[in-house]
Amino acid sequence: MSNADAQRSEEAQQDEFEQDLPEQIAVRLAKRDRLNELGDAYPVALPITHTIDQVREAYPALEVDVATGEFVGLAGRVMFQRNTGKLCFATLQAGSGQRIQAMLSLDKVGEEQLELYKELVDLGDHLFVSGEVITSKRGELSIMVDSWKMAAKTIRPLPNLHNELGEEYRVRHRYIDLIVRDRAREVVQIRSKVMQSMRKTFAERDFLEVETPMLQTIHGGASARPFKTHSNAFDTELFLRIAPELFLKRAVVGGIDRVYEINRNFRNEGADRTHSPEFAMLEAYQAYGDYNSIADLTQALIQNAAMDVFGTHQVTLEDGSINDLGGEWARISMFESLSAACGVEITPETPIAELKKIADKEGIEIDHPLHGKYVEELWEHFVKGDLVNPTFVMDFPVDTSPLTRNHRSKAGVVEKWDLYIRGYEQATGYSELVDPVIQRERFVAQVQLAASGDPEAMKLDEEFLKALEFGMPPSGGMGMGIDRLLMSLTGLGIRETIMFPLVK
RNA sequence: GGGCCUCUAGCUCAGUUGGUUAGAGCAACGGACUUUUAAUCCGUGGGUCGUGGGUUCGAUCCCCACGGGGCCUACCA
């Protein structure tokens, strides 16, 4: 297509755009033009002296019909309008959600400015007003406007504020959701404060925050299907990371003894109420720690976050129920809790055939070559549902945990825990496997699994093994889903804790 | 991946057992109103009924395909 053709087609598209406009958008575009004729529909600077929050704070409880003598200039989004012939009311909203009323009367602003206001200001516009802080005859804290200016003209109408938005509209137009729904703003604030709190806890313990590669030539550190992409410069296949683990361990080899990363992981798997294809993950490693010390750290991170953000360890969830995160969290053994729950002694030596018999009796279908897979499935069936309070489930089967050290005294299990809160897996922690010879054997076993068709089996990462061969100190490590943590702290679904979840 | 449900105005929703011109509230437009709080009152406009095909004299409604969304189910954190 030639440049001229391209331009013509662009103009055609522009015409089409303007012809097909919904009535309200056409009307607002005309108002925008009018504002630009008179001045500027989008001025770069406005003489703002106060925020809405500041004015509200300064006058928490004025009597009815008071004039304070204080003159302010402030701006906010017009959320409601109530116009009478010679007196207009507008409710202005700040980004914080704070609101204040603006009043425009004929004798203060004059006929021309009042008429222009009525003609050009719509719901949703950002409006600047300057005038005296007063209360109305009904006691509403207000600005008695001397002059007003459009701060930013909106072209699309806000949805009506008297019905809840549909779920799909909320997710696809989160910026609207944030404007009209207090809870949406609150969740963003909570998430930010939780991150601040966790970084503070880490800093107090001398952990360094680092960033490791998201684009990787070999994906590792977890069992999951990766997203694939391609590098033109290197002409090679790349993977979006499924976990940062193998790079954070390289950092520990390098002497970054206390290290953590909070960043995104990507897993090419199903999405539902508790899973998102991209999700925020915290991983932390502590040299000369083990799975006990890292469990202590995990408990501290979550309890500090609850205390810093909500001022209590007993957090109230969306449905009104209480999630009690207080006290020392229980630590139970996977094999012992499973044995107790199903009434049969189950150990790492229990033959697969016997485990299969129990599974069949319970109506659980398992088709997997690994002993540990049966144990974990049975455990989830018998025990998981009953775990409401925070609980560390300790000492997992060896064959499903290729990056974890063998238990120091119990045969057939590794030093790994999963943290469950309200029945959801919240975090996992290890005494890290640092023996490069055993690590190589574990990877080889994974490669065999992959050869037998398991798409989630780990790949053998020679560069990571080489790093281990230079000596990694004994370490504890943990990983925690941030979105999941937010769910535990609020009771919301994952798509509400992520500001912009993936939508088709 | 499998099953069930759903898509109507800017937003939230009615509705049509297939029949002339598809409705409401808020929003918009015109008018009245100097203390409103979803202001009120009078009037007006606004729709490819998700998209494409089929059945029919006639389809927004019935059928098929496709697309978006939701719930359940399976895998994974």
Side-chain angles (χ1 to χ4, degrees), chain A residues 20-28 30-31 64-65 78-91 99-109 114 118-119 122-124 134-142 144 154-173 176-177 179-180 221-226 242-243 265-283 364-368 373 376-377 380 418-421 424-428 454-456 479-485 487-488 493-495 503-504:
Chain A
D20 290 351
L21 284 180
E23 175 200 18
Q24 298 197 40
I25 295 182
V27 167
R28 283 168 179 243
K31 292 179 181 178
V64 165
D65 206 8
V78 178
M79 301 302 282
F80 295 102
Q81 278 183 306
R82 297 168 292 279
N83 294 349
T84 70
K86 293 167 182 143
L87 182 63
C88 296
F89 303 87
T91 304
R99 292 177 175 179
I100 198 163
Q101 177 168 272
M103 296 169 63
L104 290 89
S105 78
L106 179 64
D107 26 279
K108 287 283 179 198
V109 299
L114 190 66
K118 285 199 238 179
E119 183 190 335
D122 288 308
L123 288 180
I134 64 155
T135 51
S136 70
K137 284 180 181 165
R138 293 288 179 84
E140 184 76 36
L141 187 65
S142 308
M144 181 50 84
T154 63
I155 297 310
R156 289 180 185 267
L158 235 39
N160 90 66
L161 302 178
H162 317 305
N163 300 99
E164 296 224 329
L165 291 174
E167 157 85 17
E168 185 181 2
Y169 190 89
R170 285 212 329 253
V171 172
R172 284 188 190 275
H173 306 83
I176 304 284
D177 192 28
I179 294 166
V180 304
S223 302
R225 297 179 200 207
I242 56 175
N265 286 349
F266 306 85
R267 298 189 184 175
N268 208 341
E269 286 161 354
D272 60 28
R273 198 181 153 74
T274 59
H275 296 87
S276 167
E278 60 175 308
F279 61 101
M281 184 82 174
L282 159 66
E283 284 202 14
I364 317 166
E365 269 186 48
I366 312 173
D367 182 26
H368 205 272
K373 194 76 185 169
E376 288 181 14
E377 292 279 343
E380 282 184 19
D418 273 359
L419 170 62
Y420 281 85
I421 299 180
Y424 285 117
E425 192 181 335
Q426 183 74 81
T428 187
D454 185 343
E456 290 168 8
M480 175 158 67
I482 299 292
D483 316 292
R484 284 267 173 103
L485 175 62
M487 292 166 67
S488 286
I494 198 165
R495 277 153 62 91
V503 280
K504 251 183 168 176

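Numbers restart at 1 for each chain; the letters A, B, ... are given by sequence-line order, proteins then strands. All heavy atoms count here, side chains included; hydrogens, waters and symmetry mates do not.
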Side chains of A:T154 and A:R28: is there a donor and an acceptor less than 3.5 Å apart?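 Checked: A:T154/A:R28 side chains pair up, N/O donor to acceptor below 3.5 Å.
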Distance test, side-chain N/O of [X] to OP1/OP2 of [N], below 4.0 Å:
{"X": "A:K373", "N": "B:rC76", "result": "yes"}
{"X": "A:R172", "N": "B:rG68", "result": "no"}
{"X": "A:K137", "N": "B:rU35", "result": "no"}

Does the side chain to side chain contact (heavy atoms under 4.5 Å, CB included) test come out yes or no for A:F89 and A:E140, once each step is laid out? CA-CA 11 Å; A:F89 303 87; A:E140 184 76 36; over 6 Å; no
Determine whether any donor atom in the side chain of A:D65 lies under 3.5 Å from an acceptor atom in the base of B:rU35, or the reverse, and answer yes or no.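 Side chain to base: no pair present.
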Establish whether the base of B:rC76 is bridged to the side chain of A:H275 by a donor-acceptor pair shorter than 3.5 Å.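 Pair found.
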Closest nucleotide of RNA chain B for A:I494 versus for A:L106: which of these residues is on the 5' side?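 Between the two, 5'-proximity favours A:L106.
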If you assign A:M144 and A:F279 each to the RNA chain B nucleotide with the nearest heavy atom, which residue ends up on the more 5' nucleotide?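 Counting from the 5' end, the first nearest nucleotide belongs to A:M144.
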Need one value for [X]: base, sugar-phosphate or nothing, where a base atom within 4.0 Å counts as base even if backbone is also close, heavy atoms only.
{"X": "A:Y169", "value": "sugar-phosphate"}
{"X": "A:S276", "value": "base"}
{"X": "A:E140", "value": "base"}
{"X": "A:G166", "value": "sugar-phosphate"}
{"X": "A:D483", "value": "nothing"}
{"X": "A:L123", "value": "sugar-phosphate"}
{"X": "A:F80", "value": "sugar-phosphate"}
{"X": "A:K108", "value": "nothing"}
{"X": "A:R495", "value": "sugar-phosphate"}
{"X": "A:L161", "value": "nothing"}
{"X": "A:Q81", "value": "sugar-phosphate"}
{"X": "A:Q24", "value": "base"}
{"X": "A:M103", "value": "base"}
{"X": "A:R99", "value": "nothing"}

Under a 3.5 Å cut-off for both contacts, is [N] paired Watson-Crick or G-U wobble with anything, and if yes, with which nucleotide?
{"N": "B:rA28", "value": "B:rU44"}
{"N": "B:rC33", "value": "none"}
{"N": "B:rC4", "value": "B:rG70"}

Provide the distance between the two P atoms, one in B:rA22 and one in B:rC61, to the nearest whole Å.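 The same atom, P, in both gives a distance of 15 Å.
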What integer number of Å spans the C1' atoms of B:rG68 and B:rC49?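 These two C1' atoms come out 16 Å apart once rounded.
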Mind running side chain to side chain contact (heavy atoms under 4.5 Å, CB included) on A:V503 and A:E168 for me, showing each step along the way? CA-CA 9 Å; A:V503 280; A:E168 185 181 2; over 6 Å; no
Examine distances only and state if a side-chain atom of A:S276 and a backbone atom of A:E278 form a donor-acceptor pair shorter than 3.5 Å.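 Yes.
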Can A:E376 and A:K373 be counted as an ion pair, charged N to O under 4.0 angstrom?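 Not counted as a salt bridge, because no side-chain N and carboxylate O are separated by less than 4.0 Å.
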If a protein heavy atom is under 4.0 Å from the base, mark B; if only from the sugar-phosphate, S; if neither, -; do that for nucleotides 2-9 of chain B going 5' to 3'. --------
